[in-house]
Every structure is written in C-alpha cells, then in structure tokens.
Protein chains: 2
Amino acid sequence: MDCETTKRAETMNLYDIKRANYDAQAKMMKALAHPSRLLIAHALLDHELCVCELRELLKQNLSTVSRHLSVLKNAGLLIEEKRGLYVYYHLCCDGLREFLIRMNDLVGEATS
Amino acid sequence: MDCETTKRAETMNLYDIKRANYDAQAKMMKALAHPSRLLIAHALLDHELCVCELRELLKQNLSTVSRHLSVLKNAGLLIEEKRGLYVYYHLCCDGLREFLIRMNDLVGEATS
DNA sequence: TGCTTATTTTGCGAAATAGACAAATAGAGG
DNA sequence: CCTCTATTTGTCTATTTCGCAAAATAAGCA
C-alpha cells in the first residue's frame, strides 16, 4: 500500500458507486459467455427462429437449447412469441449487433 | 422442423465455420463476466495499478485479487510489469474501452 | 375427448468457478 | 545469507453451470 499511485487509488470511490452496475454488467456478460448462446445471438441477428430450428443449428439436445434460450431471455436480450405450435425467438436490443462486433474486434486484438 | 424458416436454416452452415470463433469469444466474455474483473478493467482504463492497490479497490483477499488478475492476463487483456517489489498491471487492448461502452449501452437497453 | 408435436421443467452427475487460508516464491536490501 | 514485503500458487469447500434423459406442459387437430 505504499506504492506511488496509492493517493490516486484512495480517492477513487466512484468505483464504489459504480459497483452495483458491475453486477448487472457481469450478469449480461455471463448470459452471453457461452459458445452456443453466442451462436444463437448471431443467428438471430438476421431473422427470428424457432426452437427446433435453433436445435438444428446447435446440434444439441432440445432441453439444452431451451435452457440457453431462457438464459438469454432472462438477460433481457430476446423475446419469445408463440405462433401455433412453435415458439419463435427474436432479439430485442438494437445494441447487440454493435456489441458483438466490438467483442470480435477485442478477441482479435487480444489474441494477436 | 417443419416451420416456415427451415429452408433458410438448412443453408446456414456458415455458423459451423464460425463455431470455433465462438469458443474464443466465449472465453473472452467469461474472463470479463465477473463484477470484480469488470471493476479491475475499468480501473485500469485510466492508469496502471499494482496488486495491492487493486486489493484496496476490491476490498478482497489478496489471493482472490491475484487470481482475478491472472484470469484477465490469460485472456490476453492485460500485461504485468514488475518494478521493485510491486507488480503493476496495465491493459494491452485498445478495443477494451469501446467494448465496455457498448456493453454498458446494451445493459441499459436490455433492462429498460 | 384423445392423439400428436413442440417446448419447458426437473433431476442427476460431471465439470468449472469463486473465495478463503496457508504455504511457497520472488526480489529488495541489510 | 537473512529478513522483510509483495505476490502467486496449492488445497479445500461451497456454489454454479452444462448437457442429457425423462417427465410435464401447451397447443393444434381428428
């Protein structure tokens, strides 16, 4: 605690104020931090899809797909719409596309 | 599998090509998907900090802080530099700031 | 009503993760 | 070499996450 930047750190209580926000942000990140859920997000950028179509894409158990979808739904990222027998999912955040682009950029930068 | 968009889904094998990329992206998201690590990332946007300073900010066990730092380091997000007794950490991806802004926007949009 | 299909929920085991403590390591400096 | 401080690593426990299969739910249709 004696290092050169200690004084600066001590005055940074704005971090305490923001801390609650980091919880919300971490939740959002966690919702997206899975290959299958990223795949779902990218697929839904173009158009809505129903659960069985997403199952074809993910090539995974239907219950697994359903759970991934509920994670994304609980994060506030997508909306379900039941039409007939099928449940269609579509994105509800315009900012997601831009976010995914930035993430892709970041990964490229970090692994180079 | 009989829904109206099935034909579209069947031709989307570009998702298979991208699938390896989703693994890398999910890893990056996981590295950031923790309130303490988000706090670290934000703190380091301004200037480098040593481990004991970050411990003051996080108000957490030193070993816990060290673990969080190693997670971010393994993700390729930061670089350590030992000077004297202290180990200073600083970010190494210019894209991180923009990414965090977009994430904040996304959270605001999703929770409104 | 009964049948069929689509989707969600539940229970389970395996694996990953977080946090705490103690022990080990790395340097600085006498 | 010895000691002190800063940091990392090993190990343990508790909690969460993932994927599957089986059971439950929902909606269309005969």
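Each chain gets a letter, A, B and so on, in the order the sequences are listed, and its residues count up from 1.
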Interatomic distance where CG belongs to A/Leu58 and P belongs to D/dC20 [whole Å]: 11 Å
Closest non-hydrogen atom pair, B/Glu109 against A/Gly95: OE1-N, 2.9 Å
Heavy-atom check, side chain of B/Leu100 versus side chain of B/Leu45, under 4.5 Å: yes
Between C1' of C/dT8 and CG of A/Leu85, the distance in whole Å: 14 Å
For atom NZ of A/Lys59 and atom C1' of D/dC20, their distance in whole Å: 18 Å
Side chain of A/Glu80 - closest among D/dC20, C/dT8, D/dT5: C/dT8
Short side-chain N/O contact to C/dT8 OP1/OP2 from A/Tyr89, under 4.0 Å: yes
A/Arg83 and A/Glu48, any side-chain heavy atoms less than 4.5 Å apart: yes
Nucleotide C/dT7, atom C1' - distance to OH of A/Tyr88 in whole Å: 13 Å
Side-chain N,O (A/Arg37) to OP1/OP2 (D/dC18) below 4.0 Å: yes
Pairing of B/Arg55 and B/Glu53 as salt bridge, 4.0 angstrom limit: no
Value in whole Å for how far the P atom of D/dA26 lies from NZ of A/Lys82: 8 Å
Interface with DNA chain C, restricted to residues 63-76 of chain A and to heavy atoms under 4.0 Å: A/Ser63, A/Ser66, A/Arg67
side-chain hydrogen bond (donor to acceptor under 3.5 Å, both in side chains) pairs, two or more places apart, involving residues 91-101 of chain A: A/Glu98-A/Arg102
Nucleotide C/dT8, atom C1' - distance to CG of A/Asn61 in whole Å: 12 Å
Whole-Å gap separating P (C/dT25) and CG (B/Leu62): 18 Å
Side chain proximity check, A/Leu49 to A/Tyr89, heavy atoms < 4.5 angstrom: no
Whole-Å gap separating P (D/dG19) and CD1 (A/Ile40): 10 Å
Residue-phosphate contact under 4.0 Å: A/His34 side-chain N/O, D/dG19 OP1/OP2: yes
B/Lys30 side chain, from C-beta outward: closest of D/dT8, C/dT17, C/dA6: C/dT17
Polar side-chain atom of B/Thr64 near backbone of B/Gln60 as donor-acceptor pair, under 3.5 Å: no
